[in-house]
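Below is one structure, written out as structure tokens; the observations come after it.
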Amino acid sequence: MNPQQLSETIVDALTALVADGAITLPDGVPTEVTVERPRQKGHGDYATNVAMQLAKKAGTNPRALAELVADRLRVSDGVSGVEVAGPGFLNVSVEAGAQGQVAADIVAAGAAYGSATTLAGEKINVEFVSANPTGPLHLGGTRWAAVGDALVRILQFSGAEVTREYYFNDHGAQLDRFSSSLLASARGREVPEDGYGGDYISEIADQVVTQRPDVTDLPDDEAQEVFRQVGVDLMFEEIKSDLHDFGVDFDVYFHEKSLHDSGAVDKAIERLTAMGNTYTEDGALWLRTEKYGDDKDRVIVRSNGTPAYISGDLGYYLDKRERGFDRCFILLGADHHGYVGRMMAMCAAFGDEPGKNLEILIGQMVNLLRDGQPLRMSKRNGTVISMNDLVEAIGVDASRYVLARYTNDTTIDIDLELWAKASNDNPVYYVQYAHARTCRMIGNATDLGMKLPGDGFDPALLAHERDGDLLRALAEFPRVVASATDLREPHRVARYLEDTASVFNKWYDTKECRMLPQGDEPVTPANEARLVLVHATQTVIANGLRLLGVSAPERM
RNA sequence: GCCCCCGUAGCUCAGCUGGAUAGAGCGAGAGACUUCUAAUCUCUGGGCCGCAGGUUCGAGUCCUGCCGGGGGCGCCA
């Protein structure tokens, strides 16, 4: 019996009480009730607060209602005991046999265990990273590469059809600064005002000169155009390649320029104008964003006739919607949180529902610490810390894991010494080690000729307290995936894996729970039952790590 | 000035969207290796959940106001 099944059992009990006239619920019986793992030993295997939630509606007090439900639950299949405690909690103990069955169910589900169909039919566009190709991918973008990719995997696991998209700004002034910086480097000049410095600039400049030797003899303005075209391509290819090595591949790389060239921006502006959401003032065209909750209205076409940056967003959003994405996610760094108001207003101005058709997730900054001191960065000096710097310091798995294990609202300080360590201090190694341990155990079992018992599996043999702890942890996985999906919080998967790895290690350390027979002892049904449990653990950890894009090594 | 995020053990952070005696890892102290992989486990100590009010059966969680830290507020992108 897993938590979902217990929830259904409790709903059945409530339904029966209503049918018998024992209680009345004016709003009807809830379709599901909260079932949680109590923190405290002695509070049963599972607890529910349903009596406290419904007492007022039922016109009774929580404890009295709890007693009625308890009487019903005690005779339900799979339930071994029920106690009413505290203000009206129901503490439920589950029969060992019913609980042990979870292990076999997990093994049967395999790589699909934890997946769901709750988002089936949803077409979701997740836009993330979207860094301009004016330099190597920085740490903020790296956070989104890890979190965004994990989020996509989680949404897919919950049944959604998801597209990974990278929006590439190749229309505005930022690339002018990049190309002028390349030009300055090639001609041995100082870094221009608002320009970019650093070794990568001179490296790209050298590559451009190698590809286009003629650039040396061109006048500045023509040369800069060559540096722009060739340099941007080189830089962008480098970013794509770095992301690929990081395990992140986008389905669509969308160029802002194409929106202006194709008329998509004009079309969006026409649409908004037709809806009465634009007006002209001081020679500029404005969007009525304040009407939809933004601080103030925004210019979309400047008085000199050139489109403002947000005009690309208008065209882009409309384009996504017309490509059939009912839900558009945009993942932004905290330095862009000021855009949320106008983007949501834009969404509403199109007649869409902010928060539903458009969701914007904000991630806080990332700092690297060495010897407890943050590493300082400067764009101009080219001392920005890149994804490659992080990967070189701690590896891809640790990088992805550390970036995905915190809430987006938390500023991350990465202690390079800790995350480079191959020890149990390092959470990613701790989780991976638990997986490797299951693989070794299964290998040992195979060497002894042990096989999964199949129909001969007796779940009631997983009756030790530590068996129960592990089974309940494994049974949580689908609920963790569900909450990570609903809340768009991949870090829940990482935290869950750490907890589950810990429960597994404690189980492993329990002499009564040995999976392998000792010495020359014959293989018992209990050994076989525990082999199922180890397989189930391996499945859960592997599935969880896969959602985070972190490898699950078989040996370490 | 206005907006967003954070404030929980010495440190780094969770806290399942209002539930029981607030948790984990690290650090500190004491233990367990003829092992199913000790990259592990066991035990001990450690807290006005920033402060003050409010909402209710119940608040780390929701509301208001302060304090402290970080980020953002352009006809830049």
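Model, not experiment: these values are computed from the prediction. Reminder, nothing fancy here: chain letters follow the sequence lines and each chain counts from 1.
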field: Nearest-nucleotide comparison on RNA chain B, the residue closer to the 5′ end among A:Ala434 and A:Asn132
entry: A:Ala434
query: For the pair made of CG in A:Asp509 and P in B:rU37, what is the distance, rounded to whole Å?
result: 13 Å
task: Keeping the roles fixed (side chain from A:Asp397, backbone from A:Val550), state whether a donor-acceptor pair exists under 3.5 Å.
output: no
- request: Could you measure between the two P atoms, the one in B:rG7 and the one in B:rC11, and give it in whole Å?
  value: 14 Å
- request: Verify the stacking flag for A:Phe89 against B:rA20: centroid separation must be under 5.5 angstrom and the ring planes must differ by under 30 degrees.
  value: yes
- prompt: Of the candidate nucleotides B:rA39, B:rU37, B:rG72, which contains the atom at the shortest distance from the side chain of A:Ala422?
  reply: B:rA39
statement: Looking only at B:rU37, B:rC41, B:rC76, the nucleotide nearest the A:Arg177 side chain is B:rC76
query: What distance, rounded to whole Å, do you find between the two P atoms, one in B:rC62 and one in B:rU17?
result: 12 Å
statement: Syn within 90° of 0, anti beyond: B:rU17 is syn
task: May I ask you to check if A:Arg63 and A:Phe89 form a cation-pi contact, with NZ or CZ under 6.0 angstrom from the six-membered ring centre and within 45° of the axis?
output: no
- prompt: Expressed in angstrom and rounded to an integer, what is the separation of A:Met365 atom CE from B:rG70 atom P?
  reply: 13 Å
query: Would a 4.5 Å heavy-atom cut-off, applied to side chains only, mark A:Val50 and A:Ile10 as touching?
result: yes
query: Is the ring of A:His336 stacked on the base of B:rG72, with centres less than 5.5 Å apart and planes under 30° off?
result: no
task: On RNA chain B, check which nucleotide each of A:Ala47 and A:Pro427 is closest to and give me the residue with the more 5' one.
output: A:Ala47
message: For the P atoms, the ones on B:rG23 and on B:rA28, what distance do you get once it is rounded to whole angstrom?
response: 24 Å
message: Over all strands shown, is A:Asn49 touching base, sugar-phosphate only, or nothing at heavy-atom distances under 4.0 angstrom?
response: base
message: Using the side-chain heavy atoms of A:Lys56, tell me which of these nucleotides is nearest: B:rC41, B:rC76, B:rC57.
response: B:rC57
query: Considering only B:rC75, B:rA14, B:rU42, which nucleotide approaches the side chain of A:Trp286 most closely?
result: B:rC75
- prompt: Please give, in whole Å, the distance from B:rU37 C1' to A:Met515 CE?
  reply: 12 Å
query: Could you state the OH-P distance from A:Tyr309 to B:rG74, rounded to the nearest angstrom?
result: 15 Å
message: I'd like the P distance from B:rG58 over to B:rU42, given in whole Å.
response: 38 Å
task: Starting from the C-alpha separation in whole Å, work towards a yes-or-no answer on ring pair (Phe, Tyr, Trp, His ring centres under 6.0 Å) for A:Phe477 and A:Tyr496.
output: CA-CA 8 Å; A:Phe477 186 57; A:Tyr496 164 79; 5.6 Å; yes
- request: Counting heavy atoms from C-beta on, name the nucleotide in B:rG71, B:rU37, B:rC76 closest to the side chain of A:Ala334.
  value: B:rG71
Which nucleotides of RNA chain B pair, in dot-bracket form (Watson-Crick or G-U under 3.5 Å, | meaning another strand): (((((((..((((.....[...)))).(((((.......))))).....(((((..]....))))))))))))....
- prompt: With the sugar-phosphate defined as primed atoms, P, OP1 and OP2, and the base as all remaining atoms, what B/S/- string results for nucleotides 3-13 of chain B, 5' to 3', for protein heavy atoms under 4.0 Å?
  reply: BSSS-----SS
task: Give me the ring orientation class for A:Tyr253 and A:Phe236: parallel if the planes are under 30° apart, tilted from 30 to 60°, perpendicular past 60°.
output: perpendicular
query: Think A:Arg488 forms a cation-pi with A:Phe329, using NZ or CZ under 6.0 Å from the six-ring centre and within 45 degrees of its axis?
result: no
field: Separation of B:rG15 P from A:Tyr496 OH (nearest whole Å)
entry: 16 Å
field: Separation of B:rU61 P from A:Leu487 CG (nearest whole Å)
entry: 18 Å
statement: Out of B:rG19, B:rC26, B:rA20, minimum distance to the side chain of A:Asp425 belongs to B:rC26
- request: Would you mind classifying the nucleic acid contact of A:His491 as base, sugar-phosphate or nothing, using non-hydrogen atoms under 4.0 angstrom?
  value: sugar-phosphate
A:Met52, nearest nucleotide to its side chain (from B:rU37, B:rU42, B:rG19): B:rG19
task: Evaluate the side-chain proximity of A:Glu476 to A:Pro3: yes if any heavy-atom separation is below 4.5 Å, no if none is.
output: yes
- request: Take the protein atom CD1 of A:Ile360 and the nucleotide atom P of B:rG72, then report the distance between them rounded to whole Å.
  value: 17 Å
task: If the plane angle is over 60° it's perpendicular, under 30° parallel, otherwise tilted; pick one for A:Trp507 and A:Phe504.
output: parallel
query: Looking across every strand, which nucleic acid part, if any, lies under 4.0 Å from A:Ala436 by heavy atom: base, sugar-phosphate, or nothing?
result: base
message: Does the plane of the ring in A:Tyr167 sit parallel, tilted or perpendicular to the ring in A:Phe254? Use 30° and 60° as the thresholds.
response: tilted
Nearest-angstrom distance, P atom, B:rA30 to B:rA22: 29 Å
field: Gap in Å between the two P atoms, one belonging to B:rA59 and one to B:rC51, rounded
entry: 15 Å
task: Taking only the side-chain heavy atoms of A:Tyr430 (C-beta and beyond), determine which of B:rC16, B:rA39, B:rC41 contains the nearest atom.
output: B:rC41
- prompt: Under 4.0 Å between a side-chain N/O of A:Asn505 and OP1 or OP2 of B:rC41, yes or no?
  reply: yes
Test log, rule side chain to side chain donor-acceptor pair (under 3.5 Å), inputs A:Thr278 and A:Thr273: CA-CA 5 Å; A:Thr278 67; A:Thr273 301; 2.9 Å; yes
message: Taking only the C1' atom of each, what is the distance from B:rA9 to B:rG31 in whole angstrom?
response: 23 Å
- prompt: Checking only heavy atoms, does the side chain of A:Tyr433 share a donor-acceptor pair with the base of B:rU37 at less than 3.5 Å?
  reply: yes
- request: Return the nearest nucleotide to the side chain of A:Ala85; candidates are B:rA20, B:rC75, B:rG15.
  value: B:rA20
query: Does A:Lys421 have a side-chain nitrogen or oxygen under 4.0 Å from the phosphate oxygens OP1 or OP2 of B:rA39?
result: no
query: Got A:Met344 and A:Leu358 here, is their nearest side-chain heavy-atom distance under 4.5 Å?
result: yes
query: If we take the C1' atom in both B:rG25 and B:rU61, what is their distance in whole Å?
result: 23 Å
- prompt: Going through the distances and angles, do A:Thr510 and A:Lys506 end up as a side chain to side chain donor-acceptor pair (under 3.5 Å)?
  reply: CA-CA 7 Å; A:Thr510 305; A:Lys506 288 171 171 53; over 6 Å; no
- request: Identify which nucleotide among B:rC16, B:rU37, B:rC75 has an atom closest to any side-chain atom of A:Val299, counting heavy atoms from C-beta outward.
  value: B:rC75
message: I'd like to know if A:Asn426 reaches the base of B:rA39 with its side chain such that a donor and an acceptor end up less than 3.5 angstrom apart.
response: no
task: Find out whether A:Pro453 and A:Val532 are in side-chain contact, i.e. whether some heavy atom of one side chain is under 4.5 Å from a heavy atom of the other.
output: yes
field: Gap between atoms CZ and C1', on A:Arg63 and B:rC57 respectively (whole Å)
entry: 14 Å
- prompt: A:Glu554 near the nucleic acid: base, sugar-phosphate alone, or nothing, with a heavy-atom cut-off under 4.0 Å?
  reply: base
